[in-house]
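Letters A, B, ... are given to chains in the order of the sequence lines, protein chains preceding strands, and every chain is numbered from 1.
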Amino acid sequence: MVDAARQPLIEVKTYTEVEKVEGFVGNFKVTLREKAKYVRADRCNGCGDCAKVCPIEVPNYFEMNLAPRKAAYIPMSQSVPLIYNIDMDACIHCYKCVEACGPLEAIDFSMQDKIVEEEIGAIVVATGFSHFDPSPMEEYGYNRYPNVITAMEMERLNNSAGPTAGSLIRPSDGKKPQRLAFINCVGSRDKRFVESCSNFCCMYSIKNAVLAKQMNPSADISIYYIDIRTPSKGYEEFYDRARSMGIHFIQGRPAMITEDPESRNLFIHTEDIALGKVVEHEYDLVILNQAAIPQPDQNHMSSVLNVAQSPGGWYMEYHPKLRPMDSPTDGIFFAGACQGPKDIPASVAQGSAAAARASRILHSKSWQIEPTIANVWSDRCVSAQGKVCGICERSCPYGAIDYTQGKAAEVITAKCHGCGACVAECPHDAITQLHYTDAQILAQIRTLLANKPEEKILALRCHWCSYGGADLAGTSHFEYTANERGIKVMCSARMDADFIYEAYRLGAGAVLFSGCHPQDCHYITGQVIGAKRAKRLETIFERLNMTPGRFRVEWISAAEGDKYARVLNETQAALDAIPPADLHAEIERLRPDMAKRLTRLPNIPGVQRAMDHTEVMVNTILSREKAAP
Amino acid sequence: MSDALNKNEEELRIGVYICHCGSNIAGVIPPKEVVNFAAELPGVVRATDTLYACADSGQRLIKEDIKKYNLNRVVVSACSVRMHEPTFRAAVAEAGMNPFLMEMANIREQCTWAHGHDREGALAKAKDLTASAVSKVSFLQPLDMINVPVSKKAMVIGGGVAGISAALDLAEQNIPVVLVEKEPTIGGVMAQLNKTFPTMDCSI
Ligand SMILES: Cc1cc2nc3c(=O)[nH]c(=O)nc-3n(C[C@H](O)[C@H](O)[C@H](O)COP(=O)(O)OP(=O)(O)OC[C@H]3O[C@@H](n4cnc5c(N)ncnc54)[C@H](O)[C@@H]3O)c2cc1C
Ligand code: SF4
Ligand code: SF4
Ligand code: SF4
């Protein structure tokens with residue numbers, strides 16, 4: 001900690017929040033809110049005279065609210081930086097602190113939050129984790145029974161810098177506990193709360209038991225567990241040591257804790273799996289090893305940073321095996337428990353790894369980004385012919401389009417992120433996206449629907465989320481219908497209505513329109529644009545009396561492999577439910593309408609050529625199909 | 001720029017590579033059948049299978065073929081673009097081709113791994129996905145990556161042990177770092193802990 005404060009190249013900004021992250025790799029613009037401390041960092045010398053005279057006491061979060069702090073405070077004596085804060089919510093404005101501070105004049109009640117902007121090349125997100133509050137678990141009586149505490153409270157009570165100067169006492173009577181029990185997996189591996197394993201609780205529960213035993217060798221200490229998980233180097237040996245010290249390990253998830261209201265002693269009721277029977281044991285103190293959970297502001301931060309979350313709410317890495325530190329956004333990296341619970345050695349290793357990933361960029365003079373951006377065909381833009389339009393400008397999430405009436409719209413290369421919103425929104429087909437042109441995508445659609453189109457489900461997926469969801473379905477071996485035929489674009493904003501009309505004109509059985517959830521969108525509001533268009537299409541197909549289920553709109557994240565498989569299987573089932581003759585009739589009935597909506601298509605540069613070429617492709621596929629046995 | 005998008009004058013010479021991925025793909029569908037199918041598609045002048053396209057030998061095959069058959073487009077039917085698009089883009093670039101003239105068809109994650117129950121369906125899909133990639137490459141244009149400048153300054157959000165470790169490593173490489181912490185002190189949970197496993201030393 002102090003090393004970080006001493007390192008001249010590190011500027012530590014505490015009591016500061018990230019408000020906004022804009023830009024892209026190498027060129028992020030981050031807006032910070034430096035919250036007012038009402039104490040000037042350049043003057044405070046950390047003497048603490050203000051806190052001594054301050055008459056107000058409030059609970060200290062750092063001490064898990066087991067001890068108070070003043071309104072003029074630092075969370076702990078070794079705070080870094082050692083600069084006091086005035087908690088304005090608690091302060092009664094008696095100004096005793098100002099007096100105590102005296103000629104240093106470090107206290108300044110006129111201070112205000114400061115908004116600062118930083119130009120940043122790469123970002124490491126290391127926001128850590130939070131602790132599950134066991135109060136909703138009625139069966140354990142936390143908050144009702146004073147002698148049931150959490151592991152974090154234990155850490156403070158057992159700590160020489162903590163509220164009891166390191167002597168472990170019972171909250172009810174201040175006595176030294178002689179019989180202690182730890183319960184593992186409180187809230188973890190529990191379908192009601194947190195399904196996953198919290199990774200480090202087995203180890204810290206053994207640690208805390210060992211420490212208690214060392215302090216009081218005659219103490220009777222038990223750990224209740226479902227499984228003990230000690231897979232890292234030296235951890236199993238640590239577990240062995242605890243057993244040889246006489247700490248009892250009882251396999252069983254306690255069903256209930258009851259309390260003797262007189263002595264305030266506790267009774268743990270559990271099945272002891274080794275004995276195969278229900279037992280009851282009496283304790284002076286019970287410690288709940290509560291689950292690790294994502295930070296309360298993690299959903300919000302995920303939208304600020306434009307990164308995705310795994311099931312459970314942790315940040316999701318680009319690839320769990322091959323790019324574990326990378327977020328899906330180039331230039332943003334994860335480290336530590338914010339990506340999933342992990343202990344200190346793993347968090348430190350990830351911090352170094354993320355630094356190494358980030359420094360590849362930061363040591364470069366320039367960085368390469370994909371050229372899959374938008375381009376205006378100036379001769380097709382109606383603005384150049386004096387008409388009022390500007391739809392592209394309004395649809396661009398990045399303000400990357402320069403629209404002036406009378407001039408053709410123009411894409412500002414450095415600002416365009418390549419979502420494709422403008423391309424699909426332009427009513428005059430005047431914009432194209434490099435690497436995702438209409439010609440290319442229409443050629444793919446025609447090819448995929450060459451053979452028995454009525455049996456096929458054409459699936460349009462966005463690169464970041466739904467394509468990833470489809471990958472995960474495969475990686476997890478969630479089986480789904482092999483009639484799916486996928487096409488990838490960067491964002492649902494690019495999913496042109498024409499693609500869908502063309503699919504139905506060709507006789508597709510069903511079409512899936514699938515992108516990210518709105519909060520996961522890699523292009524700020526790209527998904528919103530896609531979703532609006534999808535809604536419009538749904539209304540059109542409803543009006544045309546298309547059988548429900550043939551056009552499906554779903555938002556599927558890269559973590560939702562199960563959903564991808566389910567949606568496809570449901571779509572297949574919907575398709576199977578339509579009698580073939582009816583489906584055929586419906587396709588034929590809709591075909592002219594679809595064709596009418598597509599009359600402009602051949603005028604789009606490159607499209608006629610692509611159509612002619614795919615004609616050959618389709619015929620080749622069909623003739624091979626006929627030749628096959 | 002806009003005109004270049006219309007032009008596609010050169011004769012198409014597409015190479016198609018069907019990966020076995022050991023038994024990950026070949027255990028469900030016969031890659032040779034996809035090869036035979038792809039060989040007939042318009043523009044394809046070379047189609048073959050390879051045990052592991054991503055391995056050195058697989059990449060070498062593609063690179064040598066680009067020269068030998070004078071290929072100007074490449075399709076690799078293998079795994080997800082999230083796995084190996086950078087690999088194959090780099091491989092074709094080494095052989096002098098523009099990396100954006102390579103397209104992958106995902107016949108592993110999105111085919112054999114998801115349709116093990118329906119081998120016939122998986123084979124038909126693998127053929128279609130390969131043909132679709134062949135269609136797409138037929139209209140691809142060479143593109144150049146865009147170079148953007150880099151601000152030589154890092155931000156670390158969160159001053160727990162992970163963030164501190166990242167900030168120190170960056171600063172020691174002479175990179176200025178802004179370490180942002182929402183609480184009044186850095187340290188995170190570790191600063192609140194008593195002694196810590198596995199070493200049992202004090203946490204601060
Ligand atoms: C009871 C208990 C005992 C443990 N004992 C051990 C042990 O003995 N040994 C061991 O190896 N591990 C132990 N652990 C695990 C250890 O706490 C974690 O491995 C470690 O704290 C993870 O570090 P981190 O930096 O990822 O996250 P954190 O420690 O959670 O730090 C995250 C930091 O980011 C800040 N932050 C959060 N959100 C924002 C935001 N939006 N903007 C700015 N800043 C933000 C937080 O205030 C915090 O300072 C224990 C955990 C518990 C609960
Ligand atoms: S002015 Fe506020 S912070 Fe200062 S001593 Fe009085 S109550 Fe405490
Ligand atoms: S939406 Fe299309 S026609 Fe309208 S201004 Fe933009 S580019 Fe021009
Ligand atoms: S809408 Fe998307 S593709 Fe179009 S200019 Fe803006 S960022 Fe680029």
Against chain B, work out which of [options] has the most heavy-atom pairs shorter than 4.5 Å and name it.
options	result
A:Thr620, A:Thr447, A:Ile369	A:Ile369
A:Glu119, A:His363, A:Lys456	A:His363
A:Leu211, A:Val18, A:Thr372, A:Thr614	A:Leu211
A:Glu118, A:Gln295, A:Arg446, A:Arg380	A:Glu118
A:Ala349, A:Gly468, A:Ala565	A:Gly468
A:Val2, A:Asp343, A:Val125, A:Ile83	A:Asp343

Need one label for [X]: side chain, backbone, both or neither, based on atoms under 4.5 Å from any heavy atom in chain B.
X	value
A:Tyr61	both
A:Met301	side chain
A:Leu305	side chain
A:Ser232	neither
A:Asp297	side chain
A:Asn85	side chain
A:Val80	both
A:Val210	side chain
A:Leu322	side chain
A:Pro345	side chain
A:Tyr318	both
A:Ile373	side chain
A:Tyr84	neither
A:Lys342	neither

Minimum heavy-atom separation for [X] and [Y], please, with both atom names.
X	Y	answer
B:Gln192	A:Phe62	NE2-O, 3.0 Å
B:Ser165	A:Ser352	OG-N, 3.3 Å
B:Ala162	A:Gly336	CB-CA, 3.6 Å
B:Leu170	A:Ala358	CD2-CB, 4.3 Å
B:Val150	A:Ile361	CG1-O, 3.5 Å
A:Leu9	B:Ala171	CD1-O, 3.4 Å

Check: [Y] and [X] side chains under 4.5 Å, non-hydrogen atoms:
X	Y	result
B:Val81	A:Tyr467	yes
A:Leu449	B:Asp128	no
B:Leu143	A:Glu370	no
B:Glu183	A:Thr14	no
A:Pro371	B:Ile146	yes

Hey, could you give me the [atom1]/[atom2] distance between [X] and [Y], rounded to the nearest 0.5 Å?
X	Y	atom1	atom2	answer
A:Tyr480	B:His115	OH	NE2	4.5 Å
B:Leu193	A:Lys207	CG	NZ	5.0 Å
A:Met1	B:Ile164	CE	CD1	6.0 Å
A:Gln440	B:Ser132	CD	OG	11.0 Å
A:His613	B:Leu12	NE2	CG	5.5 Å
B:Lys195	A:Asn159	NZ	CG	8.0 Å

Verdict with reasoning, A:Asn208 to B:Asn194, per side-chain hydrogen bond (donor to acceptor under 3.5 Å, both in side chains)
CA-CA 9 Å; A:Asn208 283 331; B:Asn194 185 21; 5.2 Å; no
With a 4.5 angstrom heavy-atom cut-off, could you sort out which part of [X] is near chain A: side chain, backbone, both or neither?
X	answer
B:Ala133	neither
B:Asp144	backbone
B:Ala131	both

With chain A, which of [options] has the greatest number of heavy-atom pairs at distances under 4.5 Å?
options	result
B:Gly163, B:Ala167, B:Gly160	B:Ala167
B:Ile175, B:Val161, B:Thr112	B:Ile175
B:Asn36, B:Val189, B:Ile186, B:Thr196	B:Ile186
B:Ser135, B:Cys111, B:Gly116	B:Ser135
B:Lys127, B:Glu172, B:Glu40, B:Arg82	B:Arg82
B:Gly43, B:Ala166, B:Gly158	B:Ala166

Return the set of residues passing side chain to side chain contact (heavy atoms under 4.5 Å, CB included) with A:Glu237 (not counting sequence neighbours), or none when no residue passes.
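Once residues adjacent in sequence are excluded, A:Glu237 has no partner under the side chain to side chain contact (heavy atoms under 4.5 Å, CB included) criterion.
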Neighbour count >12 (heavy atoms, 6.0 Å) for atom CG, B:Asp201
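For B:Asp201, atom CG is crowded (more than 12 foreign heavy atoms under 6.0 Å).
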Other residues, nucleotides, ligands: >12 heavy atoms within 6.0 Å of B:Lys152 NZ
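Result for NZ/B:Lys152: enclosed.
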Among residues two or more places apart or on two chains, list those pairs meeting ring pair (Phe, Tyr, Trp, His ring centres under 6.0 Å) that have a residue in residues 159-180 of chain B.
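Listed once each, the pairs would be none.
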Parallel under 30°, tilted from 30 to 60°, perpendicular over 60°: which one fits the rings of A:His477 and B:Trp113?
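Correct class here is tilted.
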Is the distance between the ring centroids of B:Phe197 and A:Tyr235 under 6.0 Å?
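Distance test on ring centres: under 6.0 Å, yes.
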Is a side-chain donor or acceptor of A:Thr16 paired with a backbone partner of B:Glu181 at a separation under 3.5 angstrom?
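Answer holds: no.
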What pairs of residues pass the salt bridge (charged side-chain N to carboxylate O under 4.0 Å, His left out) test when at least one of them lies in residues 97-125 of chain B, not counting sequence neighbours?
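Output for this query lists A:Glu484-B:Lys125.
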Under 4.5 Å, heavy atom to heavy atom, which residues of residues 47-54 of chain B contact chain A?
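Those residues of residues 47-54 of chain B which would need a heavy atom under 4.5 Å from chain A do not exist here.
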